[in-house]
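To start, the structure itself, in structure tokens.
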2 protein chains.
Amino acid sequence: MVKSTIKDVARVAGVSLKTVSRIINNEPTVRDETRQKVLAVIEELNYQPDMSARNLRGNKSYAVGLVYDNPNPYYVVEVQQGVLAACRELGYSLQIHPCNAESANIVEELADLVRHSRLAGLVIAPPISEDDAIVDALHARGIHLVRIISADKAPKGDIPCVFINDRAAAHAVAEHLIGLGHRGIAFLWGQEEHHSSGERFAGYRNALLEHDIPVDDGLILKGEYSFDSGFRRTLTLMEGPHRPSAIFGCNDEIAAGALAAVKSMGLSVPADVSIAGFENSPFSKQAQPPLTTAAQSIGDVARQAMLLLVADMRPQAGQEGTATVNEIIPELIERPSTGPATA
Amino acid sequence: MVKSTIKDVARVAGVSLKTVSRIINNEPTVRDETRQKVLAVIEELNYQPDMSARNLRGNKSYAVGLVYDNPNPYYVVEVQQGVLAACRELGYSLQIHPCNAESANIVEELADLVRHSRLAGLVIAPPISEDDAIVDALHARGIHLVRIISADKAPKGDIPCVFINDRAAAHAVAEHLIGLGHRGIAFLWGQEEHHSSGERFAGYRNALLEHDIPVDDGLILKGEYSFDSGFRRTLTLMEGPHRPSAIFGCNDEIAAGALAAVKSMGLSVPADVSIAGFENSPFSKQAQPPLTTAAQSIGDVARQAMLLLVADMRPQAGQEGTATVNEIIPELIERPSTGPATA
DNA sequence: AAAGTCCTAGACAACGTTGTCATTGCAAGA
DNA sequence: TCTTGCAATGACAACGTTGTCTAGGACTTT
């Protein structure tokens, strides 16, 4: 029950403090016999190193921060879970930091956070991660960070980054719809501030152009990443001059809203209208019918980001040239919400 | 830019380490003149005390854990924000810990968390906070904790707690509907495992009984706290033998689903059907029309809980008898989704 | 005037860990 | 046999902070 210290372990094992320390830190210069003996004692006493003491002594830390300004709770929770999973694997603890990218002194705020909580580094999620001014300023202050962004290629500079190739994935979704014979394909944007929206739109647009399908501005609606936004814009769309035969929502929440709207008009999916989403979130799985979407486990992405951050902070010998960039291409997942276009 | 320590402050101010320490900790035995001088230096050097050193020296900690197993991301994010706000006020840091109450060794897991991360205490959110076995076991191990639960009176025992009187609030919502002339009032449950569902149902039921309105089992449907569940059950309900004139959703998400379902049938709200929710979440504000609901800012509740936890951990002199229990009664918020019953 | 009390402030040790340097023992090379 | 080198271990200080104890001065009390 009582907390045991390295001192207790050393006393019981009959070795010095330093030897125990060496074993805890996997240093090589310990005789195997000694190591076994000490490990047994550690087990017996249920010893766990004290983080505060470690941090203090080493002036380093086993805590990282997760910075985000995304208003979508589903997104936030998934990112948290992913980073948290990686933290547990690596023995780090996590400090969450919701914030506002618009705030004037956001850079100061984050720098203070890092100092005050002795954070080893930051994982920065979109959309704030896509603000180069903020990211560069933090990097310039010597703060270790990794960012998750939407892009079709790795950004310049040497800031570690996980980039999600939304453009390629949206291209695949659009081609899937085109392959089913659809020509009037509507596109419902998410917030323009999120790069992901623009990237997904680019993928959609490129696919249409490649197949010589005119890009009809009347079928492209700006809006935001929400069920409600998808619902309302779909009603607008369906009352317009050319009804689309397919709707591509910038994410699953939008697509679920579109689905509800289409059903509320007495139409059926996919017989009358095909609907595709993006993200493979619970919305797409629970919808009736389930939505065609693109898999991009945000949790996995977040986990990757955390691993990358740690790799960047402690470059292992021999890993010198390891890429600090990781590309993720979401995969198309076909579900019943999309079907052949009817004449 | 460089981190400054208490030593730097002492040197620049021309006082001893201890004096600076006293000032940081608001100890009384410092001359005011000295205090001002040192505070100026602290400001100038942008000094911030090092948590690791503090924790180590005092064998105490300025970190708390937030434990939750609620699957609803909206709920989770709000609770996090509330606790985080209180943490910032009090100078604590927060360690989030999503978990699974069903897990066999959940108590061990939490106890390890507290030891390993040197947590000063835990804030436990529902529904895991409503599991007495878990809470009692943690308390028995001497772990400081506070729990957020749904109840109509304070629970026995001396475990600090914020209890939300959902029963009283649901009673008020039901009376509001009854006052508008409604008699056929449907009730859509959330998960039965959440005490809040049962409490809200009890409030609803009591109100009906007090007004001599028969409780019609055909109008009471079990389900869960989700838009989808509200949507589907409402369709079922409206196809049934006695259509209700009002629907009381166990939370706003359910009510929003009910609203969408009713609208999808071509009916209008509140002319044809009145709809009320619970929680005053974004769902109730963004709905068209906005939903009558009961205000219970989860964020505030969470903040209160954190304050209570800290009060319990450091009993101030004179506060000896301070209640470690806090009742919160959500207030009725009337919005356009409820109107007079039509004959 | 001496003794006691209060207020303010400093010296020092300690929290648990790890980096630096020193020490021991033993095998290989001269 | 006597270095030389290397592997294994230990002694000690230091990280930044605060608890305990003590000291000096001003003020009150007898």
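Note on naming: letters A, B, ... go to the chains in the order of the sequence lines (proteins, then strands), and numbering restarts at 1 for each one.
Here A:Ser21 reaches the OP1 or OP2 of C:dT18: one of its side-chain N or O atoms lies under 4.0 Å away. Close to D:dG16, at under 4.0 Å from its OP1 or OP2, lies no side-chain N or O of B:Arg54. Within the structure, a side-chain polar atom (N or O) of B:Tyr47 is placed less than 4.0 Å from OP1 or OP2 of D:dT17. The side chain of B:Thr19 places an N or O atom within less than 4.0 Å of a non-bridging phosphate oxygen (OP1 or OP2) of C:dG10. For A:Ser16, a side-chain nitrogen or oxygen approaches OP1 or OP2 of D:dG10 to under 4.0 Å. Residue A:Asn55 places no side-chain N or O under 4.0 Å from the OP1 or OP2 atom of D:dC15.
With respect to the salt-bridge test (charged N to carboxylate O, under 4.0 angstrom), the residues B:Arg57 and B:Asp50 do not qualify.
One can place CD1 of B:Ile23 at 12 Å from P of D:dT18, the figure rounded to the nearest angstrom. Regarding B:Met51, its CE atom lies at a distance of 12 Å from the C1' atom of D:dG16, rounded to whole Å. Nucleotide C:dT8 holds its C1' atom 11 Å from the CZ atom of B:Arg35, rounded to whole Å. Atom NZ of A:Lys18 and atom P of C:dT17 are 12 Å apart (whole Å). Whole-Å rounding puts the A:Ile24 CD1 to C:dG16 C1' distance at 10 Å. Between the NZ atom of A:Lys60 and the P atom of D:dA14 there is a distance of 19 Å, rounded to whole Å. Between A:Asp50 atom CG and C:dA14 atom P there is a gap of 18 Å when expressed in whole angstrom units. Rounded to whole Å, the distance from OH on A:Tyr62 to P on C:dG16 is 18 Å.
Of all non-hydrogen atoms in B:Ala302 and B:Val79, the two that sit nearest each other are CB-O, 3.5 Å. Closest approach of A:Val38 and A:Ala13 over heavy atoms only: CG2-CB, 4.1 Å.
Evaluation of atom-type donor-acceptor distances gives no pair under 3.5 Å for the side chain of A:Arg31 against the base of D:dA8. You won't find any donor-acceptor pair under 3.5 Å spanning the side chain of A:Arg22 and the base of D:dA8, going by distance alone. The base of C:dG16 is not paired with the side chain of B:Arg57 by any donor and acceptor separated by under 3.5 Å. Judged by atom type and distance alone, B:Arg118 does not reach the base of C:dG16 through any side-chain donor-acceptor pair under 3.5 Å.
The side chain of B:Leu56 lies closest to C:dC15, out of C:dG10, C:dG19, C:dC15. Nearest to the side-chain atoms of B:Ala53 among the listed nucleotides D:dT17, C:dT18, C:dG16 stands D:dT17.
Between the A:Asp8 side chain and the A:Thr5 main chain, a donor and an acceptor come within less than 3.5 Å of each other.
Using modelled atom types and a 3.5 Å distance limit, the side chains of B:Asp131 and B:Ser129 yield no donor-acceptor pair.
When heavy atoms are screened at a 4.0 angstrom cut-off, B:Thr34 is found touching the sugar-phosphate backbone but no base atom. Residue contacts shown for A:Asn59 are absent, as no nucleic acid heavy atom lies under 4.0 Å away.
Along DNA chain C, the nucleotide nearest to A:Leu17 and the one nearest to B:Asp32 differ in position, and the one closer to the 5' end is contacted by B:Asp32.
Using a 30° and 60° split on the angle between ring planes, A:Tyr92 and A:Tyr62 fall in the tilted class, from 30° to 60°.
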